[in-house]
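Just the heavy atoms: all of them, side chains too, but no hydrogens, waters or symmetry mates, feed the values below. Keep in mind that this is a model prediction, so the values were computed, not measured. Each chain gets a letter, A, B and so on, in the order its sequence line appears, and its residues count up from 1.
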Amino acid sequence: MAAEYSKEEIKRIEEKWRNEWKKREVYKVSNDSKKPKFYALDMFPYPSGAGLHVGHPLGYIASDIVARYKRLKGYNVLHPMGFDAFGLPAEQYAIDHGIHPAVSTAKNIENFKKQLANIGFCYDWSREVQTCDPKYYKWTQWIFLQIFDSWFNRKKEKAERIAELIKIFEREGNSNHPFPNSKFQIPNSSKVLFEASEWKSFNEKTKQVILMEYRLAYLAFTDVNWCEALGTVLANDEVINGVSYRGGHPVVKRQMRQWSLRITEYAERLLKGLNEIDFSDSMKEVQRNWIGKSIGCLVRFEVKSLTPDPSPGERGKKTSEAFSLSPGEGQGEARGRETADKKYWHVLKEFSKENRKSQTKEESILWEELRNNNLGYKIRRQHSIGVFIADFVCLDRRLVIEVDGDYHKQNKQYDDARTSFLNDEGFNVIRFSNDEVNNNLKQVLSKIKSKLDNSPSIKSSLSPGEGQGEALTVFTTRPDTIFGVDFMVLAPEHELVKKITTSAQQPEIEKYLKYVESRSEVDRMAEVKKITGAFTGAYAINPLSKKEVPIWISEYVLAGYGTGAIMGVPSGDERDHKFAKYFNLPITNIIGSFYNGNEANPTYDATLENSDFLNSMKMKDAQEVVIKKVEELGIGKRQINYKMRDAGWSRQRYWGEPFPVVFKDDVPYAMKDSELPLELPPSDNFKSAGNGEGPLANLKGWIDFAPNEKRDSNTMPTHAGAAWYFLRYMDPHNENAFADKKALDYWGQVDVYIGGSEHAVAHLLYSRLWVKILHDLGYLNFDEPFKKLINQGKITGDSRFVYRLRGTNKFVSAGLKDQHQTDELHVDVNIVNGLELNTEAFKKWKPDFANAEFILEDGKYICGSAIEKMSKSYFNVVNPDDIIENYGADTLRMYEMFLGPLEASKPWNTNGIDGVFKFLRRFWNLFHDNTGNLLLSDEAPTREELKVFHKTIKKITFDIDNYSFNTSVSEFMICANELTSMKCNKRAILEPLVVALAPFAPHIAEELWQKLGHQDTIFNASFPQHDEQYLTESSFNYPISINGKVRAQMNFALDMPKEDIEKVVLASEIVLKWTEGKPPKKVIVVQGKIVNVVI
RNA sequence: GCCUGAGUGGCGGAACUGGUAGACGCGCACGACUCAAAAUCGUGUGCCUUCGGGCGUGCCGGUUCGAUUCCGGCCUUAGGUACCA
């Protein structure tokens, strides 16, 4: 059986083992094993029509090596593969070529699998998943429904079932769990809170609308990125610089009824989770930026030159006898303006004054307890709300506390009317009898306290200006600069703009609003730094300095972030500074010499000036002081904001998962588990149905499938299927659950996940979200999917160019091109050897070039070159199939690893591949004599041979554990070189060495293993372990350096004392030559490392 | 602008917590085999050099007996991100 490692032999070996592995089911993985588990996962590919180029398998090879290595190390290894098979390109292809996405997708998958098979991966194909398979997406839909059936309990910071929420509403209303979206109000009401009794009185639809506001998957009108050309909505991360990431079509903002995932509720947990997982710094940073947490402060500014035109109308009609309700007495300032009906304010004020003077005994008792922040809340008494005067009220928590005199007892009807009015105004009412106050004051107070504690603070939930007078609330991360506020800026869309604009400024504001409206997202992106704006005519009063500053509107303030309003601090903020300069607004310097008059300085280090009580304070310290101050004054509070928005989850597309819901009376209801999957109906019309409806709307019978019952015409984004596929691999054929609990618990987290960094935000965040939700609902015992993530670098292409003389069919060699007028053309890298063009192949390459003529240099045509991304249009694509054809899969695998660190991006250059091929041949030859016959010796290896072996195993084990594959390939080469020069053919060395090589070059290893006489696959063997005893040395060759430069080497025993070494070194000829006999300044001896003589 | 990486021979890249810079491979040069070429094998290969040595890890400076490695300041480059207050 003579054989050399030739092209034909490689083909034979590789094909043989691919078949044999399949036949013997070598890579089938059991869920039932006593071994420790290891889960090595690749990002599953989207099966594009273009097929694989050499860049694609890079990560797959790395994970394959890890998987095989871990298996040899005694782990039960899950290493699956599947396809992210729903998606836009297949659908676009269908529209362009009339081929159904299911057909083209299946064909592409077939092709991918063939290409992958050639490389010899150890995937357990019996676990393959395809996201477009109804058996798979049944569970994508099912998980979606679990999310739909969940809400986020902020108190517990976790998801819970909607049934749980309904119980809470039935018990206590929503005061402990206000709407996640502070702008939402109960339908047909302006209220944001409701009582248990009210919940019960709501009709079904109202209840459903309210519940929708809590669901983690919800349907709502949202601002979406609408791409007219693609006829669909795109997620924020699918829009780049105002155009679609695929195709580069313009994208505009538009309001549409869309499914969204309430990922914002998980912002903090997604952020915290990053600390527990092993992702690269840059990857974590990208996610942190995306989540965009900023800590700051809300501050309310009163609007001054407001001439309100209150329209009490309805309210005024309600009982006017109300004025005389509560007898009372006391002092107190007139803050009622904010809640009182403006028309009656002057009357109410008088009543309040009167009342305070004649307080009941019980009221006095309670007031003593409530006043001066005794409960931690600011309580006012005899405060007018609308046309009523409340006994006590906490404005921030919107709670009215009343002590009923005898009058109320006799008139229950009256109390109800009053409660209902106060509820409408957004207040909760809590009542106590005189008896309770007299006899059980403690309980009364604790009831009040708990009610207050559980009510949301209005400062966080109110939109600026809402409810109370006209005021606007800003969000700032720099409260320390509040004395530097020179103007206010509102987003053009801000609701207060209409209310505060003076008639004089009306035309200007309207003109500006028109301008803003006319600008597309693309325009805005392109001119981000352009300064525009308009003055409203109104002024705001700085709550701390009392300074009046003008209120402007401008595009640079975004409606969607913070409160849509900012305080302009030109000395400290670049944008504010430019704005002030442009519109000639004054600039107050609060940072002294830190401000140079020309540009803003956002420093935190300055000592404040012109800042009243903050003067001579460091900015850093002033931040806390100001936050405390505004909280004390009740005009602001600490606030955390996130940039991240909820994730749009609807696509106006055909080739995706249908939403498993049924609309009745415009309310979506979950389909039953037994009705899943809701299969994608067959269709040949993939064009958008217009009106923002998806292509499914073309199928009228499917959409309106029953009287008064409708389906959703949209489908889910590709992220849906990809958000949980790693769980399905654990138990891919389960028909009763997305995966069996036992399988989920056994496999747990993905131990290593390898894939491209382009999925940093979308896929990885959504996967993390889905896992967190499933964890909260009790399906998983882990809440981060990926323990470790590695981003393989991109392999770039090495392009070649030819230079054509303008207007001719003559091509000039690169070195001479500067002498002519030429056009640069890409040429197929496969017909260029190094830089030298194969001119004959070039003539055959394209008909146009059949008659090409060449101007050569030194008899050769030299091409130009450049590193670019690998792409068909650059003709620089290298197909792995071609490499395998010439060198075999083992060589391809090792060469891809040898190219450089896995995470670095690097250019592909096939030239170096010979080195790896030669190594494998040399390795093969160690086992054979020069006629190709197996020739092994059973003699005991020498100490030198053992040393080489153990050194190699040590290094390779270390390198694989650290994902440093390029250096392990080097180490194998060194080992093969050394053993070759020793002419080592000892079985005791070579047999375990084959096992070590097997993860990298499985085919050759398996063949040699068989030749060594083994029946079973090499992958059931054990990875060799190194033994330190063969590596310990008794002496060391010390480098002797003089003034840090190595001048000589001297061999000393490792246990030789420093002093002795020093003596010998100083006495040596070489050192004497440098010291010229003078005593050295200093001698450093580091045992086992170095000797340094300083002279 | 901001964030995160990276800058080492002709090229891809090594160098563990500061300790012989350039492992391994490609390329190149020379040699062997051959009539010759290819393939293969062997030797050499950071730069300069007056052959003593000098200079060298993007640049400038610092710490140290000793710095690719640590610190400060810059430059270049890749990727991410952006009127986010």
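- Shown here is A:Tyr515, whose OH atom has more than 12 heavy atoms of other residues, nucleotides or ligands within 6.0 Å.
- Note on A:Lys530: a base of the nucleic acid sits closer than 4.0 angstrom, heavy atoms only.
- RNA chain B is contacted by both A:Ala904 and A:Ser294; A:Ala904 maps to the nucleotide lying nearer its 5′ end (nearest heavy atom per residue).
- For a distance-only test at 3.5 Å, the side chain of A:Glu285 fails to qualify as a donor-acceptor partner of the base of B:U81.
- When the nucleotides B:U20, B:C26, B:C65 are ranked by their closest atom to the side chain of A:Gln1049, B:U20 comes out on top.
- Rounded to a whole Å, the CZ atom of A:Phe301 is 12 Å from the C1' atom of B:A85.
- Relative ring orientation between A:Tyr5 and A:Trp924 is described as tilted, the plane-to-plane angle lying within the 30° to 60° band.
- Look at B:C28: its Watson-Crick or wobble partner, with both distances under 3.5 angstrom, is B:G44.
- Summarising the base pairing, B:C84 is matched to no nucleotide, lacking a Watson-Crick or G-U wobble pair whose two defining distances lie under 3.5 Å.
- Across all strands shown, B:U69 forms no Watson-Crick or G-U wobble pair with both distances under 3.5 Å.
- Pair check for B:C33 finds none; no Watson-Crick or G-U wobble contact set falls under 3.5 Å.
- Of all nucleotides listed (B:U20, B:C84, B:A14), B:A14 comes nearest to the side chain of A:Pro901.
- Pair assignment for B:U77: B:G5, on the basis of Watson-Crick or G-U wobble contacts that are both within less than 3.5 Å.
- Within the 4.0 angstrom heavy-atom criterion, no nucleotide atom of any strand lies near A:Asn641.
- Summarising the geometry, the separation between CD1 on A:Ile531 and P on B:C83 is reported as 16 Å, rounded to the nearest angstrom.
- Comparing B:G12, B:C41, B:A85 by their nearest atom to the side chain of A:Tyr561 picks out B:A85.
- Here the nucleotide nearest the side chain of A:Phe475, chosen from B:A85, B:C3, B:G19, is B:A85.
- Here the nucleotide nearest the side chain of A:Ile974, chosen from B:A23, B:A14, B:G19, is B:A23.
- B:A39 makes up no base pair with any nucleotide shown, lacking Watson-Crick or G-U wobble contacts both under 3.5 Å.
- Note on ring orientation: taking the six-membered ring where Trp is involved, the planes of A:Phe475 and A:Tyr561 are perpendicular (angle over 60°, cut-offs 30° and 60°).
- With respect to the salt-bridge test (charged N to carboxylate O, under 4.0 angstrom), the residues A:Glu1059 and A:Lys1063 do not qualify.
- At a threshold of 4.0 angstrom between heavy atoms, the contacts of A:Ser970 include nucleobase atoms, whether or not backbone atoms are also involved.
- Taking the P atom of each, B:C3 and B:G56 are spaced 32 Å apart, rounded to whole Å.
- To the nearest angstrom, C1' of B:A85 lies 17 Å from CD1 of A:Ile551.
- Interatomic distance, A:Thr264 OG1 to A:Leu270 CG, rounded to the nearest 0.5 Å: 10.0 Å.
- Relative orientation of the A:Phe1000 and A:Phe972 rings is perpendicular, given thresholds of 30° and 60° on the angle between their planes.
- Among the heavy atoms of the strands lying under 4.0 Å from A:Val1086 is at least one base atom, whether or not backbone atoms are also near.
- Atom CG of A:Asp576 and atom P of B:A85 are 12 Å apart (whole Å).
- When both pairing distances are held under 3.5 Å, B:U63 makes no Watson-Crick or G-U pair with any nucleotide shown.
- Atom P of B:G18 sits at a distance of 40 Å from the matching atom of B:U50, rounded to the whole Å.
- Residue A:Arg1047 has its side chain nearest to B:G54 when only B:C24, B:G80, B:G54 are considered.
- Here A:Lys906 lies in heavy-atom contact (under 4.0 Å) with sugar-phosphate atoms only.
- For the pair A:Tyr556 OH and B:G1 C1', the computed distance is 16 Å after rounding to whole Å.
- Classification of B:G13 as anti follows from a glycosidic angle more than 90° from 0.
- Taking the side chain of A:Asn977 as heavy atoms from C-beta on, and the options B:A21, B:U4, B:C24, the nearest nucleotide is B:C24.
- Taking atom C1' in both B:U64 and B:G19, one finds a spacing of 12 Å when rounded to whole Å.
- Mapping A:Met973 and A:Ile566 onto RNA chain B via the closest heavy atom, the residue that lands nearer the 5' end is A:Met973.
- Between B:C83, B:U20, B:G12, one nucleotide has an atom nearer to the side chain of A:Ile1090 than all others, and that is B:U20.
- At a threshold of 4.0 angstrom between heavy atoms, the contacts of A:Leu899 are confined to the sugar-phosphate backbone, with no base atom among them.
- Below 30°, between 30° and 60°, or above 60°: for A:Tyr895 and A:Phe898 the angle between ring planes is between 30° and 60°, a tilted geometry.
- At the heavy-atom level, A:Lys918 lies under 4.0 Å from the strands shown only through sugar-phosphate atoms.
- For the pair A:Asp573 CG and B:A82 C1', the interatomic distance rounds to 14 Å; values are reported in whole Å.
- Within the 4.0 angstrom heavy-atom criterion, base atoms lie near A:Val557.
- For A:Lys293, the NZ atom sits in a packed shell: over 12 heavy atoms of surrounding residues, nucleotides or ligands are nearer than 6.0 Å.
- As rounded to the nearest Å, B:A38 and B:G58 have C1' atoms that lie 42 Å from one another.
- Within 4.0 Å (heavy atoms only), A:Glu971 reaches no atom of the nucleic acid at all.
- Residue A:Arg921 places its side chain closer to B:U40 than to any other of B:U40, B:A15, B:A85.
- Taking the C1' atom of each, B:G46 and B:G10 are spaced 11 Å apart, rounded to whole Å.
- For B:G52, the O4'-C1' to base torsion is within 90° of 0; the nucleotide is therefore syn.
- Both distances falling under 3.5 Å, in either a Watson-Crick or a G-U wobble arrangement, occur for no nucleotide opposite B:C51.
- Using C1' as the reference atom, B:C59 and B:G52 are 31 Å apart when rounded to the nearest Å.
- Comparing B:G25, B:A85, B:C26 by their closest approach to the side chain of A:Thr476 singles out B:A85.
- For the pair A:Gln1087 and A:Leu1054, the minimum side-chain heavy-atom distance is 4.5 Å or more.
- Comparing the P positions of B:U69 and B:C60 gives an interatomic distance of 13 Å, to the nearest angstrom.
- Taking atom C1' on both B:C65 and B:G12, the two are 36 Å apart, rounded to the nearest angstrom.
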